[in-house]
Amino acid sequence: MEIIALIKVKDMKEMQTTYNPKDFEDRIYADWMEGKYFHAEIDPKKVPFTVMMPPPNITGQLHMGHAMDETMQDTVTRFKRMQGYSVLWLPGTDHASLATEHKIVEKLRSEGTSKENLGREEFLRRAWAWKEQYGGKIIGQLKKLGSSCDWDRLAFTMDDRCSKAVREAFCRLHEKGLIYRGSRIINWCPDCRTALSDEEVAYSEDKGSFWYFNYPVKGSEEFITIATTRPETMLGDTAVAVNPNDERYAHLVGKTLVLPLVGREIPVVADDYVDVEFGTGAVKITPAHDPNDFEVGLRHNLPMIKVLNDDGTVNGEGGKFQGLDRYEARKRIVEEMKEKGLLVKIEPHTHNVGHCHRCNATLEPIVSKQWFVRMKPLAKPAIDAVVKNKTKFVPDRFAKIYFNWLENIRDWCISRQLWWGHRIPIWYCTCGEVICSRETPSVCPKCGGTDLKQEEDCLDTWFSSALWPFSTLGWPEETPDFKYFYPTDVLVTGYDIIPFWVMRMMFSGIEHTGKVPFRDVLIHGLVRDEQGRKMSKSLGNGIDPLEVIEKYGADSLRLSLLTGIAPGNDTRFTDTKVEWARNFINKVWNASRFVLMNAKGEKVPKFEEIKLQPADRWIISRLMSTVREVTLSMQKYDLGIAADKLTDFVWEDFCDWYIELSKPALYGEDKERKRAQLGVLMYVLENTLKLLHPFIPFVTEEIYGYLPGVKGKIIVADYPRYNTKYSYKKEAKAFEGVIDLVKTVRAMKVAVNCPPAKKVHLFLVTEQKRLVCVNKNAILRLAGASEIDFISDGAEAGEKTVSQVCELGHLFVPLGELVDFKEERARLEKELERVEGEIARAGGKLANNNFIAKAPKKVVDDERAKLEKFIDMKKKIEKQLSDL
RNA sequence: GGGAGCAUAGCUCAGUUGGUUAGAGCGCACGCUUCACAUGCGUGAGGUCACAGGUUCGAGCCCUGUUGUUCCCACCA
């Protein structure tokens with residue numbers, strides 16, 4: 001027997017009796033950093049595997065949703081790294097233009113100043129300081145979680161790399177005519193004072209009112225009654241529309257109205273857009289402040305009168321209402337209309353109102369000159385790529401959501417009236433020339449003038465995020481990184497981000513690089529609170545991942561986030577789940593400790609040279625099928641299933657059974673057998689740790705360090721491979737009989753209230769004598785028995801026995817005074833009833849010719865075997881009943 | 001109005017391409033100071049898989065419909 005190692009175990013005293021993550025998590029992470037294990041190397045001999053971290057906003061700190069997102073990515077990348085891929089997980093943060101600027105503006109306000117006071121330059125200086133502070137905080141949190149990302153390639157959406165890519169992408173789109181500037185109705189946030197894209201609007205059902213106003217018809221006593229939810233916009237009315245088929249108003253079409261309070265003369269127009277059934281069937285038309293009215297205005301060539309300033313106050317068009325806030329103006333207008341007798345009625349009305357997804361202010365649709373990306377030509381290839389499976393959604397139902405968005409997409413408003421962000425690379429010359437340039441131009445190419453002014457606006461933050469999969473790799477340069485790592489392999493993100501980001505990366509990647517940016521999109525759900533509510537600031541129900549790490553350790557947090565989850569489904573975060581995870585890891589810790597303690601000072605043989613016993617083959621077989629199942633699940637990104645299979649194996653098979661089964665040998669006299677036993681324990685432990693590592697990296701690395709004969713770190717160890725040589729299917733199946741026997745004895749003892757400590761004598765009618773003999777000591781120990789004897793008939797077990805049919809045969813246990821014949825009879829009868837039910841079920845199936853003819857042979861054979869087994873059981877139980 | 005999800009044990013959820021007697025955790029009951037672990041061990045109770053049809057030899061799983069529920073999108077001023 002070859003000796004692989006004298007136990008090197010750092011003194012076992014170092015391993016505490018309970019798992020204490022604080023002892024090692026930070027140290028382990030530092031070791032990984034030190035060893036540069038996260039750094040991705042361009043290695044032509046390896047296959048690259050690339051994941052781009054969705055860059056967290058620098059607005060604050062990581063929440064539970066991030067924790068899950070990052071854990072999933074880390075688990076996948078660690079798995080792939082161990083499988084031998086050249087793994088790049090590229091981390092970064094997002095400047096989050098609007099969100100960050102909003103926060104800084106708020107902060108300035110609390111300091112009694114404003115961004116206007118500071119000026120653009122000083123404001124940007126502050127913003128960069130903010131970035132340093134919060135960006136750094138986020139990175140610290142990612143490290144706490146155990147994220148194995150390549151910090152050498154850390155990116156920021158406004159760093160030089162990304163900025164260069166943004167300018168390139170903008171200019172290319174502009175040159176192709178896919179970016180234009182125009183006056184359109186856009187969503188305007190009067191608080192943030194910027195335009196927003198359609199995707200950034202959050203609608204909510206708000207309670208409001210419906211005001212009915214009379215507009216007098218010019219040169220007549222007649223009125224036309226309109227209804228509105230936003231009276232203040234009447235200042236900008238340039239028509240009233242009715243449905244062309246509406247007989248009530250047919251005579252008024254073409255007539256002129258006098259707009260109350262303003263005095264402007266406006267026409268009555270006929271337009272299909274108007275719903276006869278709704279309101280009064282007459283709609284005031286404010287083309288400058290309503291998207292539908294805007295369209296009506298275009299069709300009827302109506303003037304557009306903008307009545308609101310950027311901050312939501314009434315402008316000069318509003319006459320005496322000028323300068324009032326929109327809501328104050330609303331109040332005054334209603335009052336005046338009432339005074340003039342033009343207010344017909346007010347009805348309560350609930351309607352969907354758009355809010356700024358950042359500051360929640362009620363948005364105003366406003367006509368404004370903005371920059372847009374023409375979406376139709378870009379959407380098409382992005383749809384095709386998913387149709388053709390070049391990019392796959394996991395689970396695939398999210399492809400539908402993606403299609404839904406792209407098929408109904410409107411042009412993307414990309415300009416923001418903000419300072420923090422990528423400034424649009426457009427310059428205006430006094431001669432009227434508009435220059436789009438990658439570099440800051442010094443002269444106008446048209447007139448040669450040098451008085452060039454750069455566009456004040458910034459780009460939507462998602463414009464730069466859209467380039468993330470390749471801008472971070474150096475695009476537009478054909479850098480070695482770009483060539484090796486792009487396209488990326490999988491994008492991991494939540495379903496709520498599909499319209500903002502996934503979709504935009506898709507069309508941007510295809511447009512700019514000619515390739516889809518990622519092969520798979522792994523979509524996960526939201527992390528909710530214990531009651532299933534979304535975690536939010538306003539509810540105050542958010543749980544800080546760092547607090548959980550502080551209390552339970554990062555591994556526990558990670559495992560709790562990955563167990564019991566199904567792809568794409570929301571999950572609830574509960575304390576009991578983390579506790580379960582902590583308990584599980586403690587189990588791993590103690591099982592390891594047990595193996596190592598027993599191995600201390602022993603010469604442990606190589607696994608390959610051990611003569612395996614049935615129990616050994618059983619655990620090896622279980623290990624192998626676990627390796628296979630876990631690997632398959634991981635490859636399909638079924639992390640929840642993989643975690644379940646793995647934890648089941650570790651806790652039940654390895655800890656509850658195999659370790660217990662191994663004790664007689666470990667405590668026995670036979671030194672050789674003891675060493676062999678240790679060899680198997682060590683082998684299973686080592687492989688188990690490797691399988692667990694992607695999920696709970698810290699503790700597995702820590703324990704790995706204690707293993708004898710192991711060199712290097714587990715983070716770069718080879719992932720276990722399924723080996724058919726060790727599948728031992730038949731033997732493992734046979735061994736299940738031993739387990740069943742032990743369980744049967746235990747259950748019998750409990751059934752008759754036999755004290756667990758009382759050793760019983762077992763009598764067994766079986767054909768598997770050898771299997772039982774080999775495992776005799778383990779059986780006696782686990783079942784709490786004193787002796788086991790083979791008999792050929794139950795009578796040999798004596799009087800006052802209880803019996804039970806089990807997989808290995810028929811078990812009899814004399815229990816003397818404990819046996820209550822009445823109870824025993826009842827128990828057997830209940831068992832008989834169950835078995836008869838099974839016989840009826842299986843028999844019925846087999847009596848069906850269609851089943852025999854159409855079901856696969858294996859299914860039929862299994863059913864036959866089952867029937868035989870139950871018939872045999874029935875006979876034995878009946879005999880036992882008659883013997884009683 | 002359009003789309004998607006969910007409905008399985010008291011609670012929270014798994015359930016891989018349809019195929020043994022539908023699983024887990026927590027909780028519950030009973031019993032264990034068994035020399036790795038009480039963050040533990042053992043045994044157990046608990047489910048007409050929302051409802052109604054259909055396809056199939058066979059349905060928790062596939063199809064149709066119904067009900068309840070959650071979410072996304074669109075939106076009537």
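We name chains A, B, ... by the order of the sequence lines, and we start the count at 1 in each one.
Remark: P of B:rU70 and CG of A:D570 are 13 Å apart, rounded to the nearest angstrom. When the P atom of B:rU70 is taken as reference, atom CG of A:D496 falls 19 Å away, rounded to whole Å. Across the protein-nucleic acid pair, A:R827 atom CZ and B:rA45 atom C1' stand 17 Å apart, rounded to whole Å. If you take CG of A:D656 and C1' of B:rU34, they are 13 Å apart, rounded to a whole angstrom. Per the geometry, CH2 belonging to A:W211 stands 12 Å off P belonging to B:rA77, to the nearest Å. Taking atom OH on A:Y215 and atom P on B:rA77, their separation rounds to 15 Å, with Å as the unit. Across the protein-nucleic acid pair, A:K22 atom NZ and B:rU39 atom P stand 18 Å apart, rounded to whole Å.
Separation of the C1' atoms belonging to B:rA7 and B:rA52 is 16 Å when rounded to the nearest angstrom. For the C1' atoms, the distance from B:rU12 to B:rU17 is 28 Å, rounded to whole Å. For the C1' atom pair drawn from B:rA74 and B:rG3, the interatomic distance equals 10 Å after rounding to whole Å. The separation of B:rU20 from B:rA4, taken at their P atoms, amounts to 31 Å, rounded to a whole angstrom. Here the separation of B:rG60 from B:rC51, taken at their P atoms, is 11 Å to the nearest Å. When the P atom is compared between B:rU34 and B:rG25, the two are found 22 Å apart, to the nearest whole Å. Nucleotides B:rU16 and B:rG23 have their C1' atoms positioned 14 Å apart, rounded to a whole Å. Between B:rC61 and B:rC49, the distance separating the two P atoms is 10 Å to the nearest Å.
Phosphate proximity of B:rC41 to A:W651: present, with a side-chain N or O under 4.0 Å from OP1 or OP2. Residue A:K587 places at least one side-chain N or O closer than 4.0 Å to OP1 or OP2 of B:rC41. Residue A:R572 has a polar side-chain atom (N or O) positioned under 4.0 Å from OP1 or OP2 of B:rC13. Residue A:K400 places none of its side-chain N or O atoms closer than 4.0 Å to OP1 or OP2 of B:rC72. Proximity of A:R746 to the phosphate of B:rU43: a side-chain N or O atom is located under 4.0 Å from OP1 or OP2. Between A:N583 and B:rA38 there is no side-chain polar atom (N or O) within less than 4.0 angstrom of OP1 or OP2.
Residue A:H351 has its side chain nearest to B:rA77 when only B:rA77, B:rC37, B:rG19 are considered. Listed nucleotides: B:rA36, B:rC57, B:rA77. Nearest to the side chain of A:A591: B:rA36. Picking from B:rC41, B:rA77, B:rU20 the nucleotide with the shortest atom distance to the side chain of A:H349 gives B:rA77. Out of B:rC26, B:rU56, B:rU43, the shortest distance to the side chain of A:K854 is found at B:rU56. Listed nucleotides: B:rA36, B:rA77, B:rC37. Nearest to the side chain of A:C655: B:rA36. Each of B:rG25, B:rA14, B:rA77 was ranked by its minimum atom distance to the side chain of A:N569; first place goes to B:rA14. Listed nucleotides B:rA74, B:rU39, B:rA14 differ in distance to A:A566; the shortest reach to its side chain belongs to B:rA14. When distances are taken from the side chain of A:A855 to each of B:rA77, B:rG3, B:rC57, the shortest belongs to B:rC57. For A:W580, counting side-chain heavy atoms from C-beta on, the closest listed nucleotide (B:rG25, B:rC41, B:rA36) is B:rG25. Across B:rC26, B:rA36, B:rA77, the shortest atom-to-atom separation from the side chain of A:T228 is found for B:rA77.
Using a 4.0 Å heavy-atom distance criterion, A:R834 is classed as a base contact. Contact annotation for A:K858: no contact, since no heavy-atom pair falls under 4.0 Å across all strands. If you check every strand for non-hydrogen atoms under 4.0 Å, A:Y667 touches sugar and phosphate atoms only. When heavy atoms are screened at a 4.0 angstrom cut-off, A:V750 is found touching the sugar-phosphate backbone but no base atom. If you check every strand for non-hydrogen atoms under 4.0 Å, A:K645 touches a base. At the heavy-atom level, A:D862 lies nowhere under 4.0 Å from the strands shown. Among the atoms of the strands shown, none is found under 4.0 Å from any heavy atom of A:L526. At the heavy-atom level, A:R397 lies under 4.0 Å from the strands shown only through sugar-phosphate atoms. Contacts of A:D638 with the nucleic acid, taken as non-hydrogen atoms under 4.0 Å apart, are absent. In this structure, A:G640 reaches neither bases nor backbone, as no heavy-atom distance under 4.0 Å exists between it and the strands shown.
Within the 4.5 Å cutoff, side-chain heavy atoms of A:R230 are placed close to those of A:R330. Contact of the A:P287 side chain with the A:T238 side chain is registered, since non-hydrogen atoms from C-beta on lie closer than 4.5 Å. Counting heavy atoms from C-beta outward, A:K874 and A:I877 have side chains that stay 4.5 Å or more apart. A:V334 has its side chain within reach of A:W211: a pair of non-hydrogen atoms, C-beta onward, lies under 4.5 Å apart.
Base pairing analysis places B:rA59 opposite nothing; no Watson-Crick or G-U wobble pair with both distances below 3.5 Å involves it. Pairing of B:rU16, defined by two Watson-Crick or G-U wobble distances under 3.5 Å, is not identified with any nucleotide. Under the Watson-Crick or G-U wobble criterion, with both distances below 3.5 Å, B:rG44 is paired with B:rC28. For B:rU39, there is no paired base (Watson-Crick or G-U wobble, both distances below 3.5 Å). Across all strands shown, the partner of B:rA7 is B:rU67, judged by Watson-Crick or G-U wobble contacts whose two distances both fall under 3.5 Å.
With A:Y552 as the aromatic partner, A:R582 does not meet the cation-pi criteria of under 6.0 angstrom to the ring centre and within 45 degrees of the ring axis.
For A:N214 and A:T225, the side-chain atoms include at least one donor-acceptor pair closer than 3.5 Å. Between A:H355 and A:S204, the side chains place a donor N or O and an acceptor N or O closer than 3.5 Å (distance only, hydrogens not considered). For the residue pair A:T647/A:K587, the side-chain donor-acceptor check at 3.5 Å is not satisfied.
Residue A:W405 forms a side chain to side chain contact (heavy atoms under 4.5 Å, CB included) with just one option from A:I401, A:I409, A:N408, and that option is A:I401.
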